[in-house]
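Reviewing the structure listed below.
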Amino acid sequence: MKYLGILLLLLVAAAQANTPVAFRYKDWDTQCDNVGTCRTAGYTSIGDNIGSNAALVFTRHAGPKQPVYGSLYLDSFDRSSAAPPIFSLWLNGKSLGEVPADLVLTASQVTALVNALPGSAHIAVKGASKTWHISDAGASAAFRKIDVVQQRLNTPTAMLVKGSRAESQVPVGPKLPHIRAAKVIDNKARIVKKDDPLYRPLAALMTTALHHYCDMPDSFRQGSAYLQQIHYARLSSDKALVMQMCWTAAYNEGYLALLINTKPPYQPERVTDSASYYSGATLMLEQKGRGYGDCRTFKRWDFDGSHFVKSGETNDGPCRGIPGGVSLDIYDAVIENHN
């Protein structure tokens with residue numbers, strides 16, 4: 001029974017490691033991907049030091065004795081000078097030295113910050129004419145989440161809850177999933193015209209699917225030829241991709257993407273209701289969030305000959321005024337492309 005219990009715990013741990021985790025609390029945003037690598041970003045508090053927004057990012061891979069890496073993101077600084085800008089990092093009124101030119105922190109700087117952040121930590125990055133501040137609100141919760149996901153609680157190297165549990169008990173993360181992308185017939189989707197024999201059956205199929213998955217009113221859709229367009233790509237001798245606009249918003253639009261049989265019964269399989277485009281064996285979602293910094297979300301699916309398989313996901317978190325945001329991986333895979 002003892003060994004059965006241990007086995008069950010290991011199986012649960014393996015399942016958890018393969019499941020991405022997203023956690024946001026106060027000014028810190030944490031993402032752990034499908035191989036157990038965790039990244040957490042702390043931002044300038046909303047309304048604090050307006051016009052000087054920054055992010056501090058810590059990254060830690062799964063497995064025993066893995067170090068913590070740190071880097072900085074700054075909203076803007078004077079790039080007109082021929083000499084590279086010089087920044088200094090300050091913690092609780094004491095200098096931690098200069099920040100390297102690539103904004104990747106030194107090991108000693110990371111150690112000082114990680115040790116201080118569970119408590120009250122006043123973090124500042126000082127340039128020649130500008131100062132950025134990083135909030136400590138939410139950092140301890142972010143650190144605890146990473147310890148839980150990576151199963152480091154009560155080990156000497158835990159970020160928050162340190163103890164005497166052997167570091168060797170921290171599990172190694174799973175390997176990246178391997179996806180073999182199939183060679184497809186159509187690398188681009190075409191618009192099915194109304195005189196095409198495919199139009200009527202696909203229109204009937206999509207009408208049913210749109211009612212089920214999308215909220216766009218029929219009156220709105222019928223008033224626009226663009227919204228009525230059906231996109232079709234033949235993937236293999238028996239599989240095809242069909243797409244139609246599902247929703248529109250101020251900054252984005254999303255297509256309902258269905259994997260179907262090339263002949264009836266079509267047996268539609270929904271891939272997503274927010275696709276942006278199809279190219280090769282790949283279906284992509286690219287959405288831009290509203291606000292300063294244009295935070296983005298990316299998702300990817302690759303056709304393996306039978307299904308569209310999720311192969312990637314990244315987002316830029318809350319951005320908080322960081323141009324381009326801070327990219328935090330949620331899901332990744334090794335893609336073997338045969339196109």
Side-chain angles (χ1 to χ4, degrees), residues 16-46 53-62 68-75 103-104 134-135 137-139 141-143 145-146 148-150 173-174 176-177 179 246-257 270-279 282-302 308-335:
Q16 290 175 338
N18 280 281
T19 304
V21 173
F23 176 74
R24 186 175 297 174
Y25 184 64
K26 295 185 178 179
D27 294 320
W28 283 73
D29 183 46
T30 304
Q31 307 276 3
C32 297
D33 64 20
N34 55 314
V35 294
T37 295
C38 292
R39 300 169 181 86
T40 186
Y43 294 85
T44 303
S45 292
I46 296 176
N53 297 288
L56 167 64
V57 180
F58 293 122
T59 300
R60 194 174 207 181
H61 301 296
V68 179
Y69 301 98
S71 56
L72 288 168
Y73 290 75
L74 306 177
D75 59 353
L103 301 185
V104 175
I134 304 292
S135 172
F143 288 4
K145 177 62 70 173
I146 292 174
V148 169
V149 171
Q150 297 186 338
L176 285 172
I179 299 170
C246 183
W247 57 269
T248 61
Y251 283 76
N252 306 289
E253 58 188 27
Y255 286 84
L256 175 62
R270 182 177 74 98
V271 184
T272 178
D273 60 9
S274 298
S276 299
Y277 62 88
Y278 162 79
S279 179
T282 303
L283 186 66
M284 286 293 299
L285 177 158
E286 294 185 7
Q287 306 291 349
K288 183 175 72 171
R290 190 170 185 174
Y292 176 46
D294 287 342
C295 310
R296 298 158 298 169
T297 297
F298 301 93
K299 291 184 183 180
R300 171 176 175 156
W301 298 263
D302 280 87
F308 275 98
V309 182
K310 183 178 178 179
S311 52
E313 183 175 358
T314 301
N315 70 45
D316 290 336
C319 276
R320 294 282 185 93
I322 307 295
V326 177
S327 293
L328 302 177
D329 289 339
I330 300 173
Y331 194 93
D332 199 6
V334 176
I335 304 165

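You'll find the side chain of P318 reaches within 4.5 Å of the side chain of R24, heavy atoms only. Residues W28 and L56 form a side-chain contact, since some pair of their non-hydrogen atoms from C-beta on lies under 4.5 Å apart. V271 has its side chain within reach of L283: a pair of non-hydrogen atoms, C-beta onward, lies under 4.5 Å apart. The closest side-chain heavy-atom distance from H61 to Y69 is below 4.5 Å.
How far SG of C38 is from NZ of K145: 9.5 Å, rounded to the nearest 0.5 Å. How far CG of D273 is from OH of Y255: 14.0 Å, rounded to the nearest 0.5 Å. A distance of 13.0 Å separates CD1 of I330 from OG1 of T19, quoted to the nearest 0.5 Å. With rounding to the nearest 0.5 Å, the separation of OG in S327 from CD1 in I322 is 12.0 Å. Here OG of S311 is found 8.0 Å from CE of M284. Values are rounded to the nearest 0.5 Å. In this structure, OG in S135 is found 7.5 Å from CZ in R320, a value given to the nearest 0.5 Å.
W247 places no side-chain N or O within 3.5 Å of a backbone atom of N252 that could act as its donor or acceptor partner. With hydrogens and angles ignored, the 3.5 Å screen pairs a side-chain donor or acceptor of N315 with a backbone N or O of G317. For S276 (side chain) and E286 (main-chain N/O), a donor-acceptor pair under 3.5 Å exists by modelled atom type. Between the side chain of N34 and the backbone N or O of D332, at least one donor-acceptor pair lies under 3.5 Å. The main-chain N or O of R296 is found under 3.5 Å from a side-chain atom of D316 such that the two form a donor-acceptor pair.
Taking every heavy atom of both residues into account, Q31 and A22 meet most closely at OE1-CB, 3.3 Å. Heavy atoms only, all atoms of each residue included: S45 and D27 are closest at OG-OD2, 2.9 Å. Of all the heavy atoms in G42 and I134, the pair that sits closest is O-CG2, 3.8 Å.
Using a 4.0 Å cut-off between charged nitrogen and carboxylate oxygen, R39 and D33 count as a salt-bridge pair.
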Could you walk me through whether T37 and D329 pass the side-chain contact (heavy atoms from CB on, under 4.5 Å) test, one step at a time?
CA-CA 9 Å; T37 295; D329 289 339; over 6 Å; no
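Among T314, T30, D29, the single residue meeting the side-chain contact (heavy atoms from CB on, under 4.5 Å) criterion with L328 is D29.
Judged as a ring pair (Phe, Tyr, Trp, His ring centres under 6.0 Å), and not counting sequence neighbours, Y43 has no contacts. Shown here are the salt bridge (Lys or Arg N to Asp or Glu O under 4.0 Å) partners of K310, two or more places apart in sequence or in another chain: E313.
Looking only at atom types and distance, the side chain of T44 has no donor-acceptor partner in the side chain of N53 under 3.5 Å away.
Aromatic ring orientation, F58 versus F143: perpendicular (interplanar angle above 60°, classes split at 30° and 60°).
More than 12 heavy atoms of other residues, nucleotides or ligands shown are found within 6.0 angstrom of CZ on F298.
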